[in-house]
K.L.:
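Next up is a structure, given as structure tokens.
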Amino acid sequence: MARILITSAIPYINGIKHLGNLVGSQLPADLYARYQRSRGHEVLFLCATDEHGTPAELAAAKAGQPVDEFCAQMHAVQKEIAEGFRLSFDHFGRSSSARNRALTQHFAGRLADNGLIEEVSERQVFSIDDNRFLPDRYITGTCPNCGYTQARGDQCENCTKQLDPTDLIDPRSAISGSTRLEVRETKHLFLRQRALRDRLEAWIDSKTDWPVLTTSIAKKWLYDGDGLQDRGITRDLHWGVPVMRGDRPWPGMEGKVFYVWFDAPIEYIACAAEWADAHGYADSAWERWWRTDKGAEDVRYVQFMGKDNVPFHTLSFPATIMGSGEPWKLVDYIKSFNYLNYDGGQFSTSQGRGVFMDQALQVLPADYWRWWLLSHAPENSDAEFTWENFQASVNKDLADVLGNFVSRVTKFAATKLGDTVPGGGAPGPLETALIADLGARVREYEALMEAMEVRKAAAELRGIWVIGNEYLQAAAPWSAIKTDPARAEAIVRLALNLIRVYAILSQPFIPDAAQAMLAAMGSPDAQWPDHIGSALTALPPGHAFTVPENLFRKITDEERADWQTRFAGVRT
RNA sequence: GGGCCUGUAGCUCAACGGUCAGAGCAGGGCGCUCAUAACGCCUUGGUUGGGGGUUCGAGUCCCUCCGGGCCUACCA
């Protein structure tokens with residue numbers, strides 16, 4: 001039995017995430033976690049909300065709430081939605097937790113002790129009316145290059161020219177519109193990533209099995225221009241982890257907080273501690289997942305994230321861990337995803353474009369979305385969600401291929417042979433062939449799941465469902481029952497067992513339907529079918545089963561058209 | 001500007017440099033009647049974005065052009 005630590009990129013707190021966010025990290029992470037658990041491995045699957053930073057402060061202000069209350073409320077909302085999607089986190093933590101505060105300060109102290117922190121004085125724009133320093137992109141003005149009046153302080157979106165906020169003509173705060181801006185001196189801490197560059201490079205180079213998307217982004221940052229840059233890890237904000245050197249004050253840094261991208265990855269560790277706290281476990285319980293000197297040397301750590309998160313997970317966070325000089329677990333595998341687009345454009349949280357997680361669940365149960373999203377995961381390139389494709393895939397794959405299979409088997413069995421597994425007949429050549437075919441396919445499915453080939457695994461699973469229908473067609477119990485009832489009983493016995501096996505195999509993708517199938521088969525036992533032949537005799541003659549409600553309903557053309565219209569515009 | 005990814009059948013996607021470029025859906029034909037008008041079998045359909053090159057052999061490697069997307073370090 002292996003021990004597998006799984007983390008999903010932690011969603012930002014400032015709103016409900018859209019389906020693109022979901023499929024890029026939490027959902028495939030859940031797929032993997034569920035699969036590894038069902039294979040009998042010990043899994044710790046962690047996620048949390050990422051709560052610090054300027055956008056959180058602004059979102060709270062907009063909602064008219066203190067930022068801590070806002071975050072607490074949004075955390076609860078995201079937690080509930082995650083449960084709605086059946087995301088099986090062992091713990092859903094908060095980057096604002098006391099555990100993360102202490103760990104973040106601890107890491108900063110260790111880095112400083114090891115000479116990897118540099119204090120740098122910078123000049124930044126301060127908005128007098130907002131009473132805050134403004135990140136470059138929160139300053140707008142007229143582009144000196146093209147005259148565009150809505151240019152941001154980091155880059156003009158119109159002519160794409162890179163800008164410095166002081167380049168802007170008539171600069172103003174993007175938050176309040178105030179023009180009372182001034183440049184002020186401020187001191188910040190920088191993580192000396194340059195000093196760790198060679199170690200990071202060697203480490204990245206050793207990861208030859210990582211997805212191209214992951215390593216190419218990492219190498220771009222390692223080699224681009226002057227190479228890896230030192231990174232500021234503090235900000236002049238009110239909401240965040242206060243800058244401390246371990247448990248001691250940091251002279252000159254009073255009133256400042258750590259940069260959200262410094263504390264957010266540390267939450268992966270802190271979340272494990274939160275998990276232990278929530279269950280009343282000792283520190284050793286979480287340390288055996290994270291400290292290689294305390295039992296984590298045999299842990300395999302896998303991270304899931306969208307491509308925009310890759311630099312922080314391949315460079316910044318590893319630099320933090322390496323630089324600490326302490327035996328923390330480094331990630332073993334990074335599965336990264338491209339973006340999911342929505343009907344010809346991008347999903348957009350800020351513009352409210354696309355389908356958001358709460359809306360999705362109002363329209364259809366989790367399994368429908370899980371199946372479509374995972375079977376179309378943007379692994380090799382950006383993918384696109386359209387309602388036509390969603391309707392076609394869900395109706396065909398779930399309702400027709402799987403749902404109808406369960407329906408036709410259970411209804412035939414119950415109607416013709418009673419409400420228990422029939423005992424007559426014996427397996428023949430068709431059954432032998434099915435078992436051989438299924439066995440080979442399950443082994444392939446296992447290999448794809450192990451490799452996190454999400455789309456291919458979904459296709460293989462679908463193929464596994466299909467052979468059930470092929471078998472029924474060939475065996476034709478509806479004919480056999482007229483001439484050779486014992487033969488029909490043998491067919492039905494196998495088909496009912498097939499439903500149970502399908503439930504187990506399908507559970508990572510569609511957990512609710514899988515549960516319904518197991519319940520209908522009266523089978524609390526969900527042992528992975530290591531041996532197909534014996535797995536297909538798990539339900540013995542005389543075992544009671546029930547006919548379940550249809551597992552999946554079809555999406556009608558009217559519904560599709562309605563949803564298309566409803567989600568075409570901007571979220572209100 | 002630089003970097004990376006991407007372009008394959010009407011649609012969504014596969015194909016360690018090596019049979020005739022495959023699969024699902026959609027389309028066409030046949031079969032079945034247990035089932036959610038579901039299922040099964042057969043089948044139409046591609047000058048692999050254009051052009052050049054390397055190679056015994058290129059969807060795959062190189063050059064170039066065209067199109068789409070992402071990143072570019074102070075949003076997270």
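To find a chain, count down the sequence lines: A is the first, B the second, and so on, and within it residues start at 1.
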K.L.:
For the side chain of A:W221 and the base of B:A73, is some donor closer than 3.5 Å to an acceptor across the two?
P.N.:
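Flag unset: no donor-acceptor pair detected.
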K.L.:
Look at the side chain of A:N469 and decide which nucleotide, out of B:A76, B:G40, B:G69, has an atom nearest to it.
P.N.:
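Comparing B:A76, B:G40, B:G69 against the side chain of A:N469, the answer is B:G40.
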K.L.:
Choose from B:C75, B:C41, B:C39 the nucleotide whose nearest atom is closest to any side-chain atom of A:R137.
P.N.:
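Closest nucleotide to the A:R137 side chain: B:C75.
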K.L.:
For A:P477, answer base if it contacts any base atom (sugar-phosphate contacts may also be present), sugar-phosphate if it contacts only those atoms, and nothing otherwise; contact means non-hydrogen atoms under 4.0 Å.
P.N.:
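A:P477: no heavy atom of the nucleic acid under 4.0 Å.
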K.L.:
Does the structure show a Watson-Crick or G-U wobble partner for B:G67, both distances under 3.5 Å? Name it, or say none.
P.N.:
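Base partner found: B:U6.
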K.L.:
Check whether any side-chain heavy atom of A:W239 sits under 4.5 Å from a side-chain heavy atom of A:E51, and report yes or no.
P.N.:
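They are in contact (side-chain heavy atoms under 4.5 Å apart), so the answer is yes.
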K.L.:
A:F412 on top of B:C34's base, within under 5.5 Å and under 30°?
P.N.:
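Per 5.5 Å and 30° rule: no stacking.
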K.L.:
What is the minimum heavy-atom distance between A:R487 and A:G428, and which atoms define it?
P.N.:
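Nearest pair, atom of A:R487 first, then A:G428: NH1-N, 4.3 Å.
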K.L.:
With rounding to the closest Å, how many angstrom separate the C1' atoms on B:U44 and B:G28?
P.N.:
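Each nucleotide's C1' atom is 7 Å from the other's.
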K.L.:
Using the P atom in both, what is the distance from B:U12 to B:G69, to the nearest Å?
P.N.:
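Taking atom P in both B:U12 and B:G69, they lie 15 Å apart.
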K.L.:
Rounded to whole angstroms, how far apart are CD on A:Q473 and C1' on B:A35?
P.N.:
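After rounding, the reported distance stands at 12 Å.
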K.L.:
Tell me: OH of A:Y471 to P of B:C34, nearest whole Å?
P.N.:
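After rounding, the reported distance stands at 17 Å.
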K.L.:
Within this structure, what is the CD-to-P distance between A:E460 and B:G24, rounded to whole angstrom?
P.N.:
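For the pair A:E460 CD and B:G24 P, the rounded distance is 12 Å.
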K.L.:
Donor-acceptor pair under 3.5 Å: do we get one between A:Q124's side chain and the base of B:C74?
P.N.:
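Yes, the side chain and the base share a sub-3.5 Å donor-acceptor pair.
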K.L.:
Do the charged groups of A:R194 and A:E118 touch, with an N to O distance under 4.0 Å?
P.N.:
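Salt bridge absent between A:R194 and A:E118.
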K.L.:
Between A:Q391 and A:D557, does any side-chain donor sit less than 3.5 Å from a side-chain acceptor?
P.N.:
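Present: a donor and an acceptor within the cut-off.
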K.L.:
Which part of the nucleic acid, if any, lies within reach of A:L213 when heavy atoms closer than 4.0 Å are counted: base, sugar-phosphate only, or nothing?
P.N.:
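Touches nothing.
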K.L.:
Nearest to the side chain of A:R408, heavy atoms from C-beta on, is which of B:A35, B:U36, B:G40?
P.N.:
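Out of B:A35, B:U36, B:G40, the nucleotide with an atom closest to A:R408's side chain is B:A35.
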K.L.:
Indicate, with a heavy-atom threshold strictly under 4.0 Å, whether A:D136 touches base, sugar-phosphate, or nothing.
P.N.:
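The residue A:D136 makes base contact.
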K.L.:
Give a yes or no on whether the backbone of A:N100 and the side-chain of A:D263 come within a donor-acceptor separation of less than 3.5 Å.
P.N.:
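The answer is no, because no donor-acceptor pair under 3.5 Å joins these two groups.
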K.L.:
What interatomic distance, in whole Å, is found between C1' of B:G17 and the corresponding atom of B:C4?
P.N.:
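Approximately 23 Å lies between the C1' atom of B:C4 and that of B:G17.
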K.L.:
On RNA chain B, does the nearest nucleotide to A:Q229 precede the nearest nucleotide to A:S216 from the 5' side, or the other way round? Give the residue.
P.N.:
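Per heavy-atom nearest nucleotide, the more 5' residue is A:S216.
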K.L.:
So that I know where these two stand, are A:W221 and A:Y223 an aromatic pair - ring centroids less than 6.0 Å apart?
P.N.:
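Judged by ring-centre distance (under 6.0 Å), A:W221 and A:Y223 do not meet the cut-off.
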K.L.:
Determine the contact category for A:K220: base if any of its heavy atoms lies under 4.0 Å from a base atom, sugar-phosphate if only primed atoms, P, OP1 or OP2 are that close, otherwise nothing.
P.N.:
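The residue A:K220 makes base contact.
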K.L.:
Describe the nucleic acid contact of A:D397 in one word from base, sugar-phosphate, nothing, applying a heavy-atom distance below 4.0 Å.
P.N.:
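No contact at all - A:D397 keeps every heavy atom at 4.0 Å or more from the nucleic acid.
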K.L.:
Hey, is the side chain of A:Y259 poking within less than 4.0 Å of OP1 or OP2 on B:A76, counting only N and O atoms?
P.N.:
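Looking at the OP1 and OP2 atoms of B:A76, one of them is under 4.0 Å from a side-chain N or O of A:Y259.
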K.L.:
My understanding is that a pair needs two contacts under 3.5 Å, Watson-Crick or G-U wobble. By that rule, which nucleotide pairs with B:A37?
P.N.:
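Because no pair has both required distances under 3.5 Å, B:A37 counts as unpaired.
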K.L.:
Measuring to OP1 and OP2 of B:U12, would you say a side-chain N or O of A:R455 lies under 4.0 angstrom away?
P.N.:
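Answer is no, no contact under 4.0 Å.
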K.L.:
Does B:C34 have OP1 or OP2 sitting under 4.0 Å from an N or O in the side chain of A:K482?
P.N.:
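So the side chain of A:K482 is outside the cut-off, no N or O lying under 4.0 Å from OP1 or OP2 of B:C34.
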K.L.:
Give A:G53 one of three labels, base, sugar-phosphate or nothing, depending on what nucleic acid heavy atoms sit under 4.0 Å from its own.
P.N.:
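Sugar-phosphate contact only - A:G53 comes under 4.0 Å of backbone atoms but never of a base.
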K.L.:
Write down the distance separating the P atoms in B:U60 and B:U6, rounded off to the nearest Å.
P.N.:
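Looking at atom P only, B:U60 and B:U6 are 13 Å apart.
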K.L.:
Phosphate oxygens OP1/OP2 of B:C25: is one of them under 4.0 Å from a side-chain N or O of A:R462?
P.N.:
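Affirmative; the distance criterion is met.
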K.L.:
Does any donor-acceptor pair link the side chain of A:N404 with the base of B:A35 at a separation under 3.5 Å?
P.N.:
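Pair found.
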K.L.:
C1' atom, B:G18 versus B:G57: distance in rounded Å?
P.N.:
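It works out to 7 Å between them.
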K.L.:
Write down the partner of B:G27 under the Watson-Crick or G-U wobble criteria, each distance required to be under 3.5 Å.
P.N.:
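B:U43 is the nucleotide pairing with B:G27.
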K.L.:
Expressed as a whole number of angstroms, how long is the span from A:D236:CG to B:C74:P?
P.N.:
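Value for this atom pair: 14 Å.
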K.L.:
Taking N and O atoms by type only, does the side chain of A:E122 place a donor or acceptor under 3.5 Å from a partner on the base of B:C74?
P.N.:
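Flag set: donor-acceptor pair detected.
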K.L.:
Of all the choices, B:C75, B:C13, B:A38, which nucleotide is nearest to the side chain of A:D400 once you look at every atom?
P.N.:
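Nucleotide nearest to A:D400's side chain: B:A38.
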K.L.:
Would you please say whether a donor-acceptor pair under 3.5 Å links the side chains of A:W210 and A:T314?
P.N.:
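Side-chain D/A pair, A:W210 to A:T314: absent.
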K.L.:
Taking only the side-chain heavy atoms of A:K416 (C-beta and beyond), determine which of B:G40, B:C75, B:C34 contains the nearest atom.
P.N.:
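The closest nucleotide is B:C34.
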K.L.:
Counting only side-chain heavy atoms from C-beta out, which of B:C11, B:C25, B:A76 sits nearest to A:A392?
P.N.:
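My answer, after comparing the listed nucleotides, is B:C25.
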K.L.:
Do the side-chain N or O atoms of A:K411 get closer than 4.0 angstrom to the phosphate oxygens (OP1, OP2) of B:A38?
P.N.:
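No, A:K411 has no side-chain N/O under 4.0 Å of OP1/OP2 on B:A38.
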K.L.:
Base, sugar-phosphate or nothing for A:A383? Non-hydrogen atoms, less than 4.0 Å.
P.N.:
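Here A:A383 touches the backbone only, sparing every base.
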K.L.:
When the distance from CG of A:L222 to C1' of B:C4 is rounded to whole Å, what number comes out?
P.N.:
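Nearest whole value for this atom pair: 14 Å.
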K.L.:
Base, sugar-phosphate or nothing for A:G468? Non-hydrogen atoms, less than 4.0 Å.
P.N.:
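Since no nucleic acid heavy atom lies under 4.0 Å of A:G468, the category is nothing.
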K.L.:
Check whether any side-chain nitrogen or oxygen of A:Y223 sits under 4.0 Å from OP1 or OP2 of B:G2, and answer yes or no.
P.N.:
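For B:G2, OP1/OP2 do not have a side-chain N/O of A:Y223 under 4.0 Å.
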K.L.:
Taking the ring centre of each residue, are A:F133 and A:H188 less than 6.0 Å apart?
P.N.:
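Distance test on ring centres: not under 6.0 Å, no.
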K.L.:
Whether A:K456 contacts B:A15 is assessed here as follows: a side-chain N or O lying under 4.0 Å from the phosphate OP1 or OP2. Is that the case?
P.N.:
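For B:A15, OP1 or OP2 has a side-chain N or O of A:K456 closer than 4.0 Å.
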K.L.:
Starting at atom CH2 of A:W371, determine the distance to atom C1' of B:G24, rounded to an integer number of angstrom.
P.N.:
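About 11 Å, once rounded to whole Å.
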K.L.:
Choose from B:C39, B:A76, B:U36 the nucleotide whose nearest atom is closest to any side-chain atom of A:S407.
P.N.:
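Within the option list, the nearest is B:U36.
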K.L.:
What nucleotide, of B:U36, B:A76, B:C25, holds the atom closest to the side chain of A:F552?
P.N.:
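From the listed options, B:U36 comes nearest.
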K.L.:
Do the charged groups of A:R152 and A:D154 touch, with an N to O distance under 4.0 Å?
P.N.:
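Looking at A:R152 and A:D154, the cut-off is met.
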K.L.:
Please determine if A:K335 and A:E379 form a salt bridge, counting it only when a charged side-chain N lies under 4.0 Å from a carboxylate O.
P.N.:
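Here A:K335 pairs with A:E379 in a salt bridge, since their nearest N and O are under 4.0 Å apart.
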K.L.:
Mind checking the P distance from B:C42 to B:C61? Whole angstroms is fine.
P.N.:
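That atom pair is separated by 34 Å.
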K.L.:
Just to be sure I understand the rule, does A:V406 reach a base, reach only the sugar-phosphate, or reach nothing, if contact means heavy atoms closer than 4.0 Å?
P.N.:
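Result for A:V406 = nothing.
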K.L.:
To the nearest angstrom, how far is A:W478 atom CH2 from B:A35 atom C1'?
P.N.:
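Spelled out: CH2 on A:W478 to C1' on B:A35 is 9 Å.
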K.L.:
B:A76 C1' sits how many Å from A:R231 CZ, rounded?
P.N.:
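The answer, rounded to whole Å, is 11 Å.
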K.L.:
Considering only atom C1', compute the distance from B:G51 to B:C13 and round it to an integer number of Å.
P.N.:
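It comes out at 27 Å once rounded to the nearest Å.
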K.L.:
Say we look at B:G59 and B:A9: how far apart would their P atoms be, to the nearest angstrom?
P.N.:
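So the two P atoms sit 14 Å from each other.
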K.L.:
So what's B:A21 paired with, Watson-Crick or G-U wobble, going by both distances under 3.5 Å?
P.N.:
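Matched B:A21 with nothing under the 3.5 Å cut-off.
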